[in-house]
Amino acid sequence: MIYPIVVYGHSVLRKVARDIDKNFENLEEFVEDMFETMNDSDGIGLASPQVGKDIRLFVVDASPLEEDEPELKDFRKVFINPQIVERTGEKSNFNEGCLSIPNIREEVIREPEIRIQYYDKNFEFHDEVYKGVASRIIQHEYDHLDGILFTDKVSPIKKRLMRGKLQAISRGKFEVSYKTRLPNNKILFPQK
Ligand code: CO
């Protein structure tokens, strides 16, 4: 099932999401739906709050970036109850966008390397280190679980310049190729 993607201004994007356990109802199906929804919108990452669920789970599929970053070829994973336990290296800028904030991209400053502990869909524990683009994608999705959006992390000047565009998004004034859910829960279908 393809979920509509919740856009900027919806309260679920500002919640701190909660951990789940292995008895979470229909977990396997939900993970499948997350991948399906992400692929349908050509995303490389998607966090549960973006489909209206305040649980600590996100998916990534960086394989579309394979041409420029060959090591991302098989980077397709679900992260459940993740904890970033270390962020290291000199912070640098990287251009980010978000399915919940259509047609806005900005430079965001983050550490290059992270160590993350998480569970996979079989509730096997993992403890891994990521750098480069993979680390950026994970940090972006991880922020969603704490109610943080990349637009929170830009300079005050850029924030001011962006305000009008963000308000327009929350009123449904944008064009994308996927289904979206506005802050008032109205569903918008893409114009095809
Ligand atoms: Co995002």
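In each ligand, atom 1 is the first atom listed, and ligand 1 is the first ligand listed.
- Counting only residues at least two apart or in different chains, ring-ring contact (aromatic ring centres under 6.0 Å, His included) contacts with residues 85-107 are absent.
- Protein N, O or S atom count below 2.8 Å of the Co ion (ligand 1): the structure gives 3.
- Scored by the side-chain contact (heavy atoms from CB on, under 4.5 Å) test, Lys22 finds Phe123 as partners (sequence neighbours excluded).
- Residues Asp152 and Arg14 are paired through a salt bridge, judged by an N-O separation under 4.0 Å between the basic side chain and the carboxylate.
- Sorted by first and then second residue, the ring-ring contact (aromatic ring centres under 6.0 Å, His included) pairs with a member in residues 59-80 read Phe58-Phe79, Phe75-Tyr130, Phe79-Tyr118; sequence neighbours excluded.
- A salt bridge between Asp146 and Lys15 is absent, with no side-chain N of the basic residue lying under 4.0 Å from a carboxylate O of the acidic one.
- A salt bridge links Lys77 with Glu128: the distance from a Lys NZ or Arg NE/NH1/NH2 to an Asp or Glu carboxylate oxygen falls below 4.0 Å.
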